[in-house]
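What follows is a single structure, written as structure tokens, with notes after it.
In what follows, chains are A, B, ... by sequence order, proteins preceding strands, each numbered from 1.
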Amino acid sequence: MAMTMTEKILASHAGLESVQAGQLIKAKVDVVLGNDITSPPAIAEFNKIGRPVFDKDKIVLVPDHFIPNKDIKSAQMAKTLREFAHEHDITNYFEVGRMGIEHVLLPEEGLVVPGEVIIGADSHTCTYGAVGAFATGVGSTDMGAAMATGDTWFKVPSAIQVNITGSMPKYVCGKDVILTLIGMIGVDGARYQSLEFTGPGIANLSMTDRLTIANMAIECGAKNGIFPIDGVTIAYLNGRTKKTYQAVSADSDAIYTRKIDIDLSDLTPVVALPHLPENVKAVRELPEISIDQVVIGSCTNGRIEDLKQAAVIMSGKSVHPKVRTIIIPGSQAVYLEALEKGYISTFIKAGAVVSTPTCGPCLGGYMGILAAGEKAVTTTNRNFKGRMGHVDSEVYLTGPAVAAASAITGRICGPEEMVK
Amino acid sequence: MILEGKTWKYGDNVDTDVIIPARHLTTADPKELAVHCMEDIDAAFAVNVQPGDIIVAERNFGCGSSREHAPLAIKGSGVTCVVADSFARIFYRNAINIGLPLLELGSDAKKIQAGDTLRVDLAKGIVENITRGEAFQAQPLPGFIQEIAQAGGLVSYVSGVRK
């Protein structure tokens, strides 16, 4: 029976010849991921089951949300995570100073590879679809149970085919691709479904673009988003992973419930307006919107190419006097590379603050909370009411180049304004 | 099981950030979380919610973050059941896993208003609106998801079934 990439991966992990959309299966997992917020409840549930961990090499624990510890309670949560990691001799626990934002860190470390089934107690676990894995977010109880059993249940999702052609014009990035898609289908447009990216345009998307696109699959309700495995994937994995992997590909007659065409050549820089990621507008169509803060980073846009896009715009310029700009490299490796390439120097000279890797501001945790009435332009992934602070603050989602240009002008604007 | 309670009504795309904002995620205790449940969209909820009340919402309830703290906060507030047009998938899993019953009602969810008294037959998936004299049939939980729900959640299910 013809299958999509997602169906093939799920079938192989369920020990079945084939699966079809709607089928309930129990599947083995290759990676179980948790962070400092979601792991403590998962550990409590794991302890109730009363078994050892299924495989200490397949559990990945990353304190990244409220760390470096923002207060006593978050210190306690990080301590719970650390002690669990030590007690169970977890191979991949990443301490402060060696960590990164989980979804930047795991691909970078080669811990996620094609054909795997990956669950994480974090909704943006879907990021790893970029390397051709089936990856999806779950809750703490799912994580706790899977740490004991090594498997979990799924309903096999039906699939939406996103057919990508063309190549991106200057200043268009992966963020514009995914925001445009979410704008087309809405925040529940792919609910319970997989987004299967196909088409000749994919060859023109870097791994950074793919990671950004897969990362936000959840923002249109998708269970996962998955890219085919090609030369870009192999080149990214080479020298990065010690894992062996199988290149899974979709059957040519796989069944999709819907087909969406995106011609990259038609795209333009966009912004998602408050308070839903589906409120997508072209930057050039916006009225003048003055801003108070810019955040560049996160699991969506915290990679070296993202920082490069921002640095190119900000080089030799100054952040607008009324704007606070916070730049957060997604991992220690990204931070170091940005330092060596001079980006950090560019940011600091421009009047931005540069932080150690953390999810902090994206979820309104710490490091850049918004006051009532304030507006932020950010490269993060959610602009829900109150997401980054006061319930009457506003978040505008965009890519790094637009965010950097807006930091300079103090209003939402496109990067082309900077080079006139 | 038959549940009866008063309705708290919400619209489309109620995300887990408004169900329980991240600033309160330094605890996973349902009672502590319940104090802040829904505070960013409905300050009256945490103050006035009564044990046995029911949340009814429209499309895509529980979208966004995977935080299990969201169904925990709802459960901690004494709400016995959430009825919606549709649920976001991670919230759906989490609610089942922690033993918070959910019923997916499709567009009939629109017909239920704030303050209506509902009687919910979980096993049959029937939602009766006592205030308005209407009854609706929800989709039953499929396969072993029903067994997880009946076990009271995933951990009881895993511990019981696989020992």
Please lay out, stage by stage, how B:N94 and A:V138 fare under the test side chain to side chain contact (heavy atoms under 4.5 Å, CB included).
CA-CA 7 Å; B:N94 289 345; A:V138 296; 5.5 Å; no
For the pair B:L25 and A:K73, evaluate side chain to side chain contact (heavy atoms under 4.5 Å, CB included) and give the outcome as yes or no after the intermediate values.
CA-CA 9 Å; B:L25 296 187; A:K73 281 183 159 185; over 6 Å; no
Chi angles and distances behind the salt bridge (Lys or Arg N to Asp or Glu O under 4.0 Å) call for B:E104, A:R191
CA-CA 14 Å; B:E104 211 160 54; A:R191 203 173 52 86; 3.7 Å; yes
Candidate pair A:E45 and B:V155, rule side chain to side chain contact (heavy atoms under 4.5 Å, CB included), full reasoning:
CA-CA 7 Å; A:E45 297 306 311; B:V155 168; 3.2 Å; yes
Could you walk me through whether A:R387 and B:D17 satisfy the salt bridge (Lys or Arg N to Asp or Glu O under 4.0 Å) test, starting with their C-alpha distance in whole Å, then the side-chain angles of each, then the deciding distance to 0.1 Å, before giving a yes or no?
CA-CA 6 Å; A:R387 169 77 177 178; B:D17 272 272; 2.7 Å; yes
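Of all heavy-atom pairs between B:L154 and A:A145, the closest is CD2-CB, 3.6 Å. Across every non-hydrogen atom of A:A121 and B:S66, the tightest pair is C-OG, 3.6 Å.
Looking only at side-chain heavy atoms (C-beta outward), B:Y92 and A:K155 stay at 4.5 Å or farther from each other. Here the side chains of A:F384 and B:T16 are not in contact, with every heavy-atom distance at 4.5 Å or above. Counting only heavy atoms from C-beta outward, the side chains of B:T26 and A:I72 never approach each other to under 4.5 Å. Under the 4.5 Å side-chain criterion, counting only non-hydrogen atoms from C-beta, B:S65 is in contact with A:R382. Side chains of B:R93 and A:W153 form a contact here, defined as non-hydrogen atoms less than 4.5 Å apart. Residues A:T38 and B:E68 form no side-chain contact, since every pair of their non-hydrogen atoms from C-beta on lies 4.5 Å or further apart. Under the 4.5 Å side-chain criterion, counting only non-hydrogen atoms from C-beta, A:E219 is not in contact with B:C63.
The number of heavy atoms from other shown groups lying within 6.0 Å of NZ (A:K70) is above 12. Taking a 6.0 Å sphere around CD of A:Q20, one finds it holds 12 or fewer heavy atoms contributed by other residues, nucleotides or ligands. Annotation for A:K28: atom NZ does not count as buried by contact number, only 12 or fewer foreign heavy atoms lying within 6.0 Å.
Only the side chain of B:A28 comes within contact range of chain A, judged by heavy atoms closer than 4.5 Å. Only the side chain of B:I98 comes within contact range of chain A, with heavy atoms under 4.5 Å apart. Proximity to chain B (any heavy atom under 4.5 Å) is shown, for A:I37, by both the backbone and the side chain. Heavy atoms closer than 4.5 Å to chain B are found in the side chain of A:L276, but not in its backbone. For a residue to count as touching a neighbouring chain, one of its non-hydrogen atoms must lie under 4.5 Å from one of that chain's; by this rule A:N381 does not touch chain B.
No other option in B:N13, B:D12, B:I41, B:L72 has as many heavy-atom pairs under 4.5 Å with chain A as B:N13. Between chain A and the options B:P21, B:A88, B:A22, the largest number of non-hydrogen pairs under 4.5 Å is found for B:A22. Comparing B:I145, B:I148, B:T27 by heavy-atom pairs within less than 4.5 Å of chain A, the highest count is held by B:I145. In terms of non-hydrogen atom pairs under 4.5 Å with chain A, the most contact-rich of B:R67, B:R23, B:R59 is B:R59. The candidate from A:K223, A:H390, A:H124, A:Q76 with the greatest count of non-hydrogen atom pairs under 4.5 Å with chain B is A:K223.
Under 3.5 Å, the side chains of B:R89 and A:T136 contain a donor-acceptor pair of N or O atoms. For the residue pair A:D142 / B:N97, a side-chain donor-acceptor distance below 3.5 Å is found, with atom types taken as modelled.
No donor-acceptor distance shorter than 3.5 angstrom exists from the side chain of A:D188 to the backbone of B:N60, with no hydrogens or angles considered.
Both cation-pi conditions hold for A:K26 and B:F144: the charged atom is under 6.0 angstrom from the six-membered ring centre and inside a 45 degree cone around its axis.
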